[in-house]
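Reviewing the structure listed below.
All heavy atoms count here, side chains included; hydrogens, waters and symmetry mates do not. Because the structure is a prediction, the values reported are computed rather than measured.
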Amino acid sequence: MFKQKQRVFYGLVILTGILVVLILRLAYIQLVSRTSKLPDSVYTLQEMSVLQRERGVVLDSGRGNIFDRNGKPITGETVSTAVLFPIDNKSLTNQDGSMDLVAGALGTDTAKLTNIWNKLSVPVFWQGALKNTPQALNPSQAEHISELKVSGIEVLPYTQRYVNKKSGMQWLGHLSELSGQKHMPHTGFAFKEGASGLEKTLEPLLRGIGPTTAYYSVDGTNRSIPGTGIQLKSPNNPYYPLRLHTTIDLSLQQQIEALTQKAGMKEGAVVLLDASNADVLTMISKPFYNPLDIHPELGAWNNRAVQAAAPGSIFKTVVAAAALEAGVTSTDESFYCSGDYGNYGLSCWKPSGHGSLSLEQAFAESCNVVFAQLSERLSGEELEITASRLGLGRTIGWEAKNMAGMPLLQPFDHEEAGTIYSSAASALDGGTRAQSGIGQRDVRVTPLQAANLVVTLLHGGQVRAPRILESLVYANGQVMKEFKPHLSPSRSGSIRPETARLVSSWMEKVVTEGTGKSLLKSKWRLAGKSGTAQITVQGRQRNNQWFIGYGPVDRPKYAAAVLFQNMPTEGSNQATALFGEIMNLLASQKS
């Protein structure tokens with residue numbers, strides 16, 4: 001009897017222990033685990049329990065949007081879309097002809113529409129011909145579908161991140177799925193993060209606090225619960241997501257993109273800056289890219305406007321300034337060009353030579369002989385210092401420390417510094433210095449640096465940091481942070497204002513008397529410097545064609561750099577012609 005009672009006692013103790021463990025486990029789940037994120041998920045246990053009972057589509061990812069200087073949306077355009085919802089316990093029929101009407105409004109055939117619709121287990125956007133984005137409905141389509149009142153199809157507002165087409169806005173970037181393929185259950189929605197451009201460099205600021213979803217509730221058998229209908233769910237926060245305002249003029253960006261297409265540019269870049277403060281108005285990279293259709297191996301997503309390339313004779317602008325600053329020449333010196341330099345296999349682009357000419361004339365005519373000679377007179381250090389003082393050989397894009405909650409805010413993704421000499425030893429070699437003097441050998445310059453060089457000369461040698469961000473704004477319109485323009489000084493100081501003024505005035509001579517005379521018929525008086533760099537691409541001789549300049553001369557408003565990369569070695573400088581077209585476009589704009 002005693003043993004029996006003992007067994008009962010021990011059994012009760014064990015049972016009590018199990019119950020205590022279960023109670024503690026349930027308490028832990030209710031008080032701790034339910035508010036903690038599950039492994040490899042962006043959701044807590046509590047959120048997942050709710051989502052398991054919902055079937056829906058994400059109408060807005062909740063990511064912060066990007067705007068141009070005039071408030072036009074660059075991302076986040078809201079369009080009308082058709083959402084197909086599963087039909088419980090029955091197949092779609094076309095007895096009353098309603099499917100024919102819906103299919104006609106969507107621009108498809110009835111058989112295709114009903115085949116897709118009948119197989120649905122979760123709601124989907126109607127995609128039409130474009131498989132990676134919902135089909136945007138025009139107002140008449142949206143109105144017609146709504147008036148049909150067909151059960152299972154709804155016209156809802158959808159915020160599309162990008163327009164599904166190619167452009168030259170690589171500075172904007174693209175998104176990629178988060179590692180681990182994190183999706184929102186029963187929606188097909190994948191969480192994404194910035195993979196390049198502003199989307200990447202500003203990821204902490206653009207990341208939202210949750211999507212907006214259109215959903216319906218289901219029971220344990222996956223059937224919709226009667227009477228619940230379609231509901232909307234969103235964070236509804238007055239401050240988030242944030243809105244990012246840029247310095248970009250979207251209308252100009254698109255118009256100049258069209259000019260690059262018309263000019264036949266296949267590879268290259270265009271950078272247009274506000275001459276007053278170096279704000280980026282347009283930045284174009286070719287080939288164009290589609291942020292919704294990225295092929296990393298092709299490299300079109302790379303922003304060539306911030307990638308360094310051989311500059312050719314536009315670098316003579318730096319050599320001229322360096323020679324004047326170092327005192328190795330003067331405006332009174334006379335030179336002679338026979339067409340052959342006599343050393344290192346260098347010759348002038350004009351075989352017969354330019355004869356006697358001044359430094360100003362040598363700049364206007366882009367004489368290789370004169371600038372190779374000047375470069376040999378200069379030490380490698382003198383040329384590198386002047387280049388740095390003019391914003392070359394270093395990154396110059398606007399940046400700030402401890403800004404908007406970020407330790408370092410650097411908007412330009414993968415901006416390259418470029419080079420003057422590949423090593424200290426090469427700067428000691430006379431042949432290397434001579435070749436560098438005409439923008440060859442190891443010299444590399446980005447189009448952003450080249451355009452900013454023009455702004456620097458126009459401002460007496462003060463290097464400004466090109467800015468692409470204007471402000472960060474809360475969702476309610478309240479300004480969170482303004483990104484003020486600032487300088488980008490070199491550690492070695494700046495060039496003398498008189499040197500900057502002299503070289504910028506010589507750029508006028510390039511157009512009136514030199515290699516840029518084709519621009520004389522432009523709507524504005526223009527100034528600039530052309531350049532052609534010889535490069536080797538896959539064993540073939542090719543050219544980089546450049547033009548940098550400003551306009552109008554009497555009241556400079558714009559500075560620009562145009563680069564055609566990997567061009568045939570014969571033919572005229574296409575960059576000069578495109579620069580003229582861009583300035584004519586700007587001259588025709590309403591102020």
>> A side-chain contact here means heavy atoms from C-beta on lying under 4.5 Å apart; do Asn290 and Asn164 qualify?
In response: yes
> ring-ring contact (aromatic ring centres under 6.0 Å, His included) between Tyr558 and Tyr550: does it pass, once the steps are laid out?
Replying inline: CA-CA 6 Å; Tyr558 304 100; Tyr550 63 92; over 10 Å; no
> Is the backbone of Trp524 close enough, under 3.5 Å, to the side chain of Ser522 for a donor and an acceptor to pair up by distance?
Replying inline: no
>> Is it true that Ser366 and Lys316 share a donor-acceptor pair across their side chains at a distance under 3.5 Å?
In response: yes
> What pair of heavy atoms forms the shortest contact from Gln574 to Gln545, and how long is it?
Replying inline: N-OE1, 2.8 Å
>> For Tyr162, is there any backbone N or O sitting under 3.5 Å from a side-chain donor or acceptor partner on Thr75?
In response: no
> Between Pro411 and Thr201, which heavy-atom pair has the shortest distance, and what is it?
Replying inline: O-OG1, 3.0 Å
> Hey, is the main chain of Arg394 close enough, under 3.5 Å, to the side chain of Gln449 for a donor-acceptor pair?
Replying inline: yes
> At their closest point, which heavy atom of Thr78 faces which heavy atom of Pro157, and how far apart are they?
Replying inline: CG2-CB, 3.9 Å
> Parallel under 30°, tilted from 30 to 60°, perpendicular over 60°: which one fits the rings of Phe547 and Phe579?
Replying inline: tilted
>> Phe288: which residues meet the ring-ring contact (aromatic ring centres under 6.0 Å, His included) condition with it, sequence neighbours left out?
In response: none
> Between the side chain of Thr419 and the main-chain N/O of Tyr421, is any donor-acceptor distance below 3.5 Å?
Replying inline: no
> With sequence neighbours left out, what residues match Glu77 under salt bridge (Lys or Arg N to Asp or Glu O under 4.0 Å)?
Replying inline: none
> So, does His459 use its side chain to make a donor-acceptor pair with the main chain of Ala275 at under 3.5 Å?
Replying inline: yes
> Under the ring-ring contact (aromatic ring centres under 6.0 Å, His included) test, which residues partner His245, sequence neighbours left out?
Replying inline: Phe67
>> Using the rule given for salt bridge (Lys or Arg N to Asp or Glu O under 4.0 Å), can you reason through Glu203 versus Arg63, listing the C-alpha separation, both sets of side-chain angles and the distance that settles it, and then say yes or no?
In response: CA-CA 9 Å; Glu203 171 64 27; Arg63 190 173 179 83; 2.7 Å; yes
> Should Arg467 and Asp279 count as an ion pair when the cut-off is N to O under 4.0 Å?
Replying inline: yes
>> If you compare all heavy atoms of Val445 against all heavy atoms of Trp546, which two are closest, and at what distance to 0.1 Å?
In response: O-CH2, 3.6 Å
> Using 4.0 Å as the upper bound for N to carboxylate O, is an ion pair formed by Arg207 and Glu193?
Replying inline: no
>> If you apply the rule ring-ring contact (aromatic ring centres under 6.0 Å, His included), what do you find for Phe412 with Trp171, and how did you get there?
In response: CA-CA 7 Å; Phe412 293 107; Trp171 48 265; 9.2 Å; no
>> Check this for me, if you would: do Glu199 and Arg161 make a salt bridge, where the nitrogen-to-carboxylate-oxygen distance has to be below 4.0 angstrom?
In response: yes
> For residues Gln261 and Glu257, is any side-chain donor paired with an opposing acceptor at under 3.5 Å?
Replying inline: no
> Of the non-hydrogen atoms in Ala533 and Pro311, which two are nearest, and what is the gap between them?
Replying inline: CB-C, 4.0 Å
> Going by an N to O cut-off under 4.0 Å, is there a salt bridge joining Glu384 and Arg389?
Replying inline: no
